[in-house]
Amino acid sequence: MKGDLHIHSYYSDGYCAPAYVMTKAKQAGCEIVSLTDHDTISGMEEARAKALSLGIKFVTGVEISACYKREEIHVLGYGFDAYSPRFLRFIEGQKQYRRERAARIFAMLARHGIAFAENAFAFDVPREISRSHIADAMVRAGQEPDFETAFAKWLRSTSPTYVPMDSVLPQTAIDEIHAAGGFAVLAHPMRIDLDSYERTALIEKLAAYGLDGLEAVYKHVASATVREYTHLAERLGLFVTAGADFHREPGEILARVQNNPIVDL
Ligand code: AMP
Ligand code: MN
Ligand code: MN
Ligand code: MN
């Protein structure tokens, strides 16, 4: 089955409505999709309704921000009960932490002379604030020439004003996804900023803890990298998923063959 299991909408740091993204997925040949916004499922019902009307299989999804020893670790959740009270409380906690973390970033930026207009983050849909929104606001206000410059200078983990999303460990994200009956998949493992030995050790640790899958097929990664992570997944008994991590670029949505239990949900 062809599909894309890693997609963002404007309910997190994507730039498009969930329904529009589903239309794009259909055009790209997807037969199965999941909307995986950062720490929110606000776009889920809109995406599900559109996907079903287009004849695409829809799986509930989310991308949870976690942190392990200062490393940003993203855990994708699939097929969970989106109405589980415990899961909804967990998501609410993540959203609250995002707002607090944004306030800490604003305070750090203020010390560097960067301030925002009061309405700089007033959105017409209930978006969860991320570093991307802050980079965009800097560009809109003319403080930085473009998104990449803003991100590199102020928001990257090496920046003096960086504040991690460190509310939970990846193990907690795995637990919460499992408690709601879902599968937990490590997002873009090749992007984890550790040397290869430490990265593998972390993945082994999470696999032993109960991680279910590895996103070995990701955006534009080289086929050698896909093979490397596919082999690692096989060795650790994890299934493999594919995701384009769509935020806005046309053509970002990929149609890739899936062969994992999510397809059978
Ligand atoms: P946050 O969830 O607030 O930590 O923001 C992370 C998001 O920012 C990621 O999901 C990406 O969409 C985006 N991002 C992370 N690193 C970069 C980067 N170096 N350049 C541009 N965008 C990035
Ligand atoms: Mn993002
Ligand atoms: Mn991610
Ligand atoms: Mn993502």
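Atoms within a ligand are numbered from 1 in the order they appear, just like the ligands themselves. Excluded from the calculations below are hydrogen atoms, water molecules and symmetry mates; all remaining heavy atoms, backbone and side chain alike, are included.
In this structure, Arg98 has a heavy atom closer than 4.0 Å to ligand 1. Contact annotation: Met165 has no heavy atom less than 4.0 Å from any atom of ligand 1.
Between His247 atom NE2 and Asp13 atom OD1, the angle centred on the Mn ion (ligand 2) amounts to 80° (nearest 10°). When ND1 of His74 and NE2 of His188 are joined through the Mn ion (ligand 3), the resulting angle is 100° to the nearest 10°.
His8 and Glu63 form a side-chain donor-acceptor contact under 3.5 Å, judged by distance and modelled atom types alone. For the residue pair Glu72/His74, the side-chain donor-acceptor check at 3.5 Å is satisfied. Using modelled atom types and a 3.5 Å distance limit, the side chains of Tyr78 and Asp212 yield no donor-acceptor pair. Side-chain N/O atoms of Tyr10 and Asp124 include no donor and acceptor closer than 3.5 Å.
The nearest pair of heavy atoms linking Glu176 to Phe87 is O-CD1, 3.7 Å. Residues Ala184 and Leu211 come closest through the heavy atom pair O-CD1, 3.4 Å.
Less than 4.0 angstrom separates some heavy atom of His247 from each of these atoms of ligand 1: 12 (O). Ligand 1 places these atoms under 4.0 Å from at least one heavy atom of Arg156: 19 (N).
Only the side chain of Arg101 comes within 4.0 Å of ligand 1, judged by heavy-atom distances.
Counting protein heavy atoms only, atom 17 (C) of ligand 1 is closest to Phe151 CE2, 3.2 Å. Nearest non-hydrogen protein atom to atom 21 (C) of ligand 1 is Phe147 CE2, 3.4 Å. Taking atom 12 (O) of ligand 1 as the reference point, the nearest protein heavy-atom neighbour is Asp13 OD2, 2.9 Å. Remark: minimum distance from atom 20 (N) of ligand 1 to any protein heavy atom is reached at Glu148 OE1, 3.5 Å. The protein atom (non-hydrogen) at minimum distance from atom 6 (C) of ligand 1 is Arg131 NH2, 3.4 Å.
Residues Val240 and Asn260 have side chains not in contact (no heavy-atom distance under 4.5 Å, counting atoms from C-beta outward).
Ring planes of Phe239 and Phe183: perpendicular class, angle over 60° (limits at 30 and 60°).
Below 3.5 Å of separation, one finds an N or O of Ser132 facing an N or O of ligand 1. The distance criterion of under 3.5 Å between nitrogen or oxygen atoms is not met by Glu72 with respect to ligand 1.
The N, O or S atom of Glu63 with the smallest distance to the Mn ion (ligand 3) is OE2.
Crowding of Arg99 atom CZ: a count of heavy atoms from other residues, nucleotides or ligands under 6.0 Å exceeding 12.
For Tyr15 and Tyr20, the ring centers are positioned 6.0 Å apart or more.
Backbone or side-chain N, O or S atoms of His8 do not reach the Mn ion (ligand 2) at under 2.8 Å. The nearest N, O or S atom of Glu72 is not closer to the Mn ion (ligand 3) than 2.8 Å.
In this structure, His133 NE2 and Glu128 CD are separated by 9.0 Å, a value rounded to the nearest 0.5 Å.
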